Amino acid sequence: MSVDLICLDADDTLWHNMRHFDATEAALLALLRPFAEAHVAREKLNACEARNLKLYGYGAKGFTLSMIETALELGGNDLPAKVVTDILEAGRALLAHPVELFDGIEETLDQLARRGRLVLVTKGDLLHQEAKLAASGLGDRFSGIEIVSDKTAETFRRLFARYDVRPQRVVMAGDSMRSDILPALEAGAWAAFIPQALVWHHERADGPGVHQRFRQLTSLAELPGWIDAID
């Protein structure tokens, strides 16, 4: 059975992303050191992010709002206005960070394009994701760009219908077990997991175990070979 559609995640699959969020979180913990130890502030931030996802969605803007809310919860009336100003500046820097492609991504995309249509499937803030894609210079390599609020099995089913392809002829590749792998498998596609050293706590999930349509890879460069094995 040949593969017709190759769906690829963007952040931490094509380019570095989590390292910038991690650095911004470290800066926040330093700002909040007068009010809470680092592990306490981190737990408060994690809880705040989880609570706010349904309101703000994914991305740097929602993260910035959650950082401000966390600071206000921990600092209360004693929180200096400058801390909020500094958090806003950190959020702006997060939105403006340079796009750093993983090594060999362009060559890998060229190889993948010879094996099927490429579709970028990413979630987060629309404006920010569009800006990163434009800065990456990779946009022309994709037959379609799908920026979604979340990745669920139903998200993938709608996508397969839109591109008029059977799930069994689709491969999804990404770094998130929760968002890229499990919902794609549930929707009937093949899924390649490419884990990274830094993982957002909300994206952690147990793997599918032994599964015919699942493979863990060490880099995206291995994906063309796995697709050839599927074919």
Side-chain angles (χ1 to χ4, degrees), residues 9-102 122-136 147-152 174-183 193-207:
D9 175 50
D11 293 335
D12 290 313
T13 298
L14 303 181
W15 53 70
H16 292 281
N17 179 66
M18 191 61 200
R19 62 164 60 169
H20 301 292
F21 279 82
D22 197 54
T24 304
E25 180 180 301
L28 173 69
L29 300 183
L31 286 171
L32 297 181
R33 195 171 294 135
F35 306 101
E37 295 183 9
H39 73 279
V40 174
R42 183 179 289 109
E43 289 176 2
K44 180 71 74 172
L45 175 62
N46 289 346
C48 187
E49 284 185 277
R51 186 172 64 245
N52 286 337
L53 277 177
K54 61 182 180 294
L55 298 173
Y56 307 141
Y58 297 85
K61 293 176 184 176
F63 183 62
T64 301
L65 290 171
S66 290
M67 287 196 295
I68 292 172
E69 186 174 333
T70 298
L72 290 170
E73 289 180 358
L74 291 173
N77 293 332
D78 295 326
L79 186 74
K82 187 178 185 307
V83 171
V84 177
T85 301
D86 289 344
I87 293 172
L88 286 170
E89 183 59 35
R92 292 189 190 96
L94 187 59
L95 285 164
H97 71 73
V99 174
E100 305 165 82
L101 299 179
F102 284 110
T122 183
K123 66 184 182 183
D125 177 78
L126 176 63
L127 181 61
H128 192 204
Q129 293 302 99
E130 287 180 337
K132 285 192 285 188
L133 179 61
S136 75
I147 301 174
V148 299
S149 59
D150 201 358
K151 294 177 185 175
T152 65
D175 69 296
S176 171
M177 183 62 70
R178 175 191 172 275
S179 295
D180 298 319
I181 305 307
L182 298 180
F193 180 45
I194 309 168
Q196 300 298 327
L198 295 175
V199 183
W200 186 33
H201 68 99
H202 186 72
E203 296 296 337
R204 298 181 185 275
D206 293 332

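This is a predicted model, so every value here is computed, not measured.
Using a 4.5 Å cut-off on side-chain heavy atoms (C-beta onward), Q129 and L133 make no contact. Side-chain contact between D11 and K132 is present, with heavy atoms from C-beta onward closer than 4.5 Å.
Across every non-hydrogen atom of L32 and A41, the tightest pair is CD1-CB, 4.4 Å. The heavy-atom pair separating A71 from I87 by the smallest distance is CB-CD1, 3.7 Å. Of all heavy-atom pairs spanning L45 and T70, the tightest one is CA-OG1, 3.4 Å. Minimum interatomic distance between M177 and A205 (heavy atoms only, all atoms of both residues): CG-O, 3.5 Å. Of all heavy-atom pairs spanning K61 and L127, the tightest one is NZ-CD2, 4.0 Å. Of all non-hydrogen atoms in A90 and T24, the two that sit nearest each other are CB-CG2, 4.0 Å.
Between the NE2 atom in H128 and the OG1 atom in T122 there is a gap of 10.5 Å [rounded to 0.5 Å]. We find the CG-CG distance between L79 and L72 to be 5.5 Å, quoted to the nearest 0.5 Å. Rounded to the nearest 0.5 Å, atoms CZ (R178) and CH2 (W200) are 8.0 Å apart. Note that CZ of F102 is 7.5 Å distant from CG of D175, once rounded to the nearest 0.5 Å. Separating the CG atom in D86 from the CG atom in L28 is a distance of 10.5 Å, to the nearest 0.5 Å. To the nearest 0.5 Å, atom CG of residue L182 and atom CZ of residue F193 are 9.0 Å apart.
Sorted by first and then second residue, the ring-ring contact (aromatic ring centres under 6.0 Å, His included) pairs involving residues 68-99 (not counting sequence neighbours) are H20-H97.
Within the 3.5 Å criterion, the main-chain N or O of M18 finds a donor-acceptor partner in the side chain of D12. Of the possible polar contacts, none joining the H202 side chain to the A50 backbone as a donor-acceptor pair under 3.5 Å is found. Counting only distance, with no hydrogens or angles, the side chain of S66 and the backbone of F63 share no donor-acceptor pair below 3.5 Å.
Considering only residues two or more places apart in sequence or on other chains, E69 meets the side-chain hydrogen bond (donor to acceptor under 3.5 Å, both in side chains) condition with R51, N52. Residues forming a side-chain hydrogen bond (donor to acceptor under 3.5 Å, both in side chains) with D180 (at least two apart in sequence, or on another chain): K151.
Other residues, nucleotides and ligands contribute at most 12 non-hydrogen atoms within 6.0 Å of the NZ atom of K82. For CD of E100, the number of neighbouring non-hydrogen atoms (other residues, nucleotides, ligands) closer than 6.0 Å is greater than 12.
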Practice task
Evaluate the criterion side chain to side chain contact (heavy atoms under 4.5 Å, CB included) for residue pair F35 and K44; output intermediate values, then yes/no.
Solution key: CA-CA 12 Å; F35 306 101; K44 180 71 74 172; over 6 Å; no

Exercise for the section: Decide salt bridge (Lys or Arg N to Asp or Glu O under 4.0 Å) for D150 and K54; before the verdict, give the C-alpha distance in whole Å, the side-chain angles of both, and the deciding distance to 0.1 Å. Expected result: CA-CA 10 Å; D150 201 358; K54 61 182 180 294; over 6 Å; no

